[in-house]
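Just below is one structure, and these are the notes that go with it.
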Amino acid sequence: MAGEPAAAGSAAGTGSTTGASSTDTVEGALAVLPGPRAEESGFELLWQQVVAEIGRARSIDLICHICPDGDALGSALAAGLALKGLGKEVRVSFGDDPQIVPESLAFLPGQELIVPASAVPDSPELVLCFDVAAESRLGLLHDKAFAAPVLVVLDHHASNPGFGTHQLIDPDAPATAVLVDELLRRLGVELDQALATCLYTGVATDTGSFRYRATTPATHELAGRLLATGIRHDLISRQLWDTSSFGYLKVLAGALDRAVYEPDAAEGLGLVWTWVPYQELVLFSVTVEEIEGLIDILRRPAEAEVALVLKQDPDGTLRGSSRSKGAVDVAAACAELGGGGHVYAAGFSAREDVDVVVRRFRAALRAGRD
């Protein structure tokens with residue numbers, strides 16, 4: 001079970017983040033996991049294989065999706081710090097150019113491990129992907145990731161098609177950070193404040209500060225263990241949700257002024273949508289990453305089941321973020337536009353005009369209702 005301590009007396013139970021870099025040590029940790037070794041299959045066998053691959057590897061590249069959010073970057077940095085403590089050569093990266101860490105995530109520990117996409121080897125020894133729901137979300141690192149003989153995908157998106165050589169995909173997990181917590185347990189890494197800060201950021205981000213439907217008793221149990229390390233969850237939450245530039249307020253005002261409510265969309269359940277032109281971001285010195293939370297404001301009206309925000313990149317590409325309150329599968333709708341995600345939170349990218357993209361999304365909603 002995620003979060004249980006490793007068995008006493010084993011390499012995995014030392015509570016140390018060092019001295020576990022050999023294959024023998026990792027295999028020793030595997031030997032004390034509960035259950036018969038010879039008859040293991042399915043997800044448990046995948047975990048064993050991944051831990052063994054990590055044990056054999058000298059150099060590991062950790063990749064999260066482009067335009068990373070708290071779960072993506074928090075998961076990658078937590079794993080990176082843990083693996084560095086185990087004596088591995090570690091690089092953390094994501095396939096954007098320019099590569100920008102959102103200001104709201106500037107507090108995350110381990111950012112010294114981040115390298116530009118160009119610094120990732122053309123043929124990495126081992127790649128771990130975090131929160132990457134589709135190959136397209138690898139961006140500039142797509143070809144390098146697939147050149148690795150071992151490509152491990154740790155994710156919780158139900159829409160993930162299962163790329164790579166090893167797929168640790170759990171749609172029931174509220175965040176990829178939950179899978180990383182399990183990985184650390186299996187590697188015998190004890191939580192400290194740096195790891196807990198990264199993992200708490202991931203879990204809090206993807207559960208909407210523990211408000212979303214995917215939040216379970218186990219989610220709160222994990223949060224409790226993370227808080228027990230002494231992290232300041234209040235400061236983390238303030239940085240994630242309650243801090244912005246003044247320019248963001250101006251962009252927010254424009255986006256809300258452009259908001260459109262369509263009561264007949266989504267089979268009469270209602271759609272509210274808006275868009276943010278790139279020129280407006282430039283005018284107020286706001287990054288596209290800074291307005292990620294706009295969708296959580298737009299989804300508030302009681303009249304609309306579905307919300308959609310389109311954010312324009314410099315090249316004109318529109319990044320769509322959508323949310324549903326429970327009666328519409330927005331992941332299915334976004335999949336029709338080449339994206340994906342969760343049933344109630346999903347996204348896509350498109351190179352068409354705003355009115356064309358909204359029309360396509362609206363049509364997809366008719367087929368996406370639960």
Side-chain angles (χ1 to χ4, degrees), residues 2 26 41-57 59-80 82-83 88 90-96 113 117 120-121 123-187 198-199 202-203 205-206 214 331 334-335 338-343 345-348:
V26 173
S41 62
F43 211 50
E44 175 59 33
L45 180 57
L46 269 174
W47 274 115
Q48 293 180 42
Q49 293 170 346
V50 168
V51 171
E53 293 288 357
I54 289 173
R56 285 189 285 267
S59 174
I60 303 176
D61 287 274
L62 302 98
I63 299 173
C64 58
H65 63 67
I66 56 176
C67 305
D69 60 4
D71 190 26
L73 192 59
S75 294
L77 289 175
L83 292 172
K88 304 296 181 179
V90 173
R91 287 173 293 268
V92 175
S93 190
F94 49 97
D96 287 309
L113 301 177
V120 175
S123 299
E125 180 182 357
L126 169 62
V127 171
L128 303 180
C129 285
F130 299 91
D131 208 43
V132 181
E135 294 180 28
S136 61
R137 300 286 284 164
L138 290 167
L140 297 175
L141 288 170
H142 177 278
D143 292 348
K144 292 184 176 184
F146 277 86
V150 180
L151 172 57
V152 180
V153 176
L154 294 97
D155 189 28
H156 70 127
H157 293 91
S159 63
N160 195 308
F163 62 92
T165 61
H166 299 72
Q167 301 91 32
L168 290 170
I169 302 171
D170 183 3
D172 292 328
T176 296
V178 172
L179 294 167
V180 176
D181 173 66
E182 175 69 4
L183 176 64
L184 302 191
R185 181 187 76 82
R186 289 170 179 268
L187 291 173
C198 293
L199 294 176
V203 174
T205 296
D206 267 28
C334 289
H342 305 291
V343 173
F348 61 88

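Keep in mind the model is a prediction, meaning the values are calculated, not measured. Throughout, numbering of the chain's residues begins at 1 and tracks the sequence.
For the side-chain contact (heavy atoms from CB on, under 4.5 Å) test with P124, the passing option among I63, D61, V150 is D61; the others fail. For the side-chain contact (heavy atoms from CB on, under 4.5 Å) with C129, the lone residue among L62, L151, L141, L168 that qualifies is L151.
Atom CD1 of I60 and atom CG of L83 lie 4.5 Å apart (nearest 0.5 Å). S93 OG to L113 CG: the interatomic distance, rounded to the nearest 0.5 Å, is 11.5 Å. A distance of 6.0 Å separates SG of C64 from CZ of F94, quoted to the nearest 0.5 Å. Annotation: the span from R137 atom CZ to F163 atom CZ amounts to 11.0 Å, rounded to 0.5 Å. To the nearest 0.5 Å, the span separating CD on E53 from NE2 on H166 amounts to 5.0 Å. A distance of 11.0 Å separates CG of D155 from CD of Q167, quoted to the nearest 0.5 Å.
Side-chain contact between L154 and S75: absent, with no pair of heavy atoms (C-beta onward) separated by less than 4.5 Å. At least one side-chain heavy atom of I54 sits under 4.5 Å from a side-chain heavy atom of L183.
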Intermediate values then yes/no, side chain to side chain contact (heavy atoms under 4.5 Å, CB included), V127 and V120: CA-CA 10 Å; V127 171; V120 175; 5.9 Å; no
V153/V132 under side chain to side chain contact (heavy atoms under 4.5 Å, CB included): CA gap, chis, key distance, verdict: CA-CA 7 Å; V153 176; V132 181; 5.6 Å; no
Derivation and outcome, side chain to side chain contact (heavy atoms under 4.5 Å, CB included), residues D71 and H156: CA-CA 10 Å; D71 190 26; H156 70 127; 3.4 Å; yes
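Among all heavy-atom pairs drawn from G80 and V92, the shortest one is CA-CG2, 4.4 Å. Smallest separation of non-hydrogen atoms from G164 and F146: N-CE2, 4.4 Å. P161 and A133 get closest at one heavy-atom pair: CD-O, 3.3 Å. Contact record, I66 with S136: CD1-O, 4.3 Å, taken as the closest heavy-atom pair. Of all non-hydrogen atoms in A331 and G341, the two that sit nearest each other are CB-O, 3.7 Å. In this structure, A117 and K144 approach most closely via the heavy-atom pair O-NZ, 3.0 Å.
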Could you pull out all donor-acceptor pairs under 3.5 Å where a side-chain atom in residues 171-180 meets a protein atom, sequence neighbours excluded?
{"residue": "T176", "atom": "OG1", "partner": "D131", "partner atom": "OD1", "Å": "2.8"}

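Ion pair E44/R186 flagged as a salt bridge, since at least one NZ, NE, NH1 or NH2 atom sits closer than 4.0 Å to an Asp/Glu carboxylate oxygen.
Listed by chain and residue number, nothing satisfies the side-chain hydrogen bond (donor to acceptor under 3.5 Å, both in side chains) test with T205 (two or more places apart in sequence, or in another chain).
Using the six-membered ring where Trp is involved, H342 and H157 have ring planes that are parallel, under 30° apart on the 30 and 60° scheme.
Checked by atom type and distance alone, the side chain of K88 pairs as donor or acceptor with a backbone atom of G55 at under 3.5 Å.
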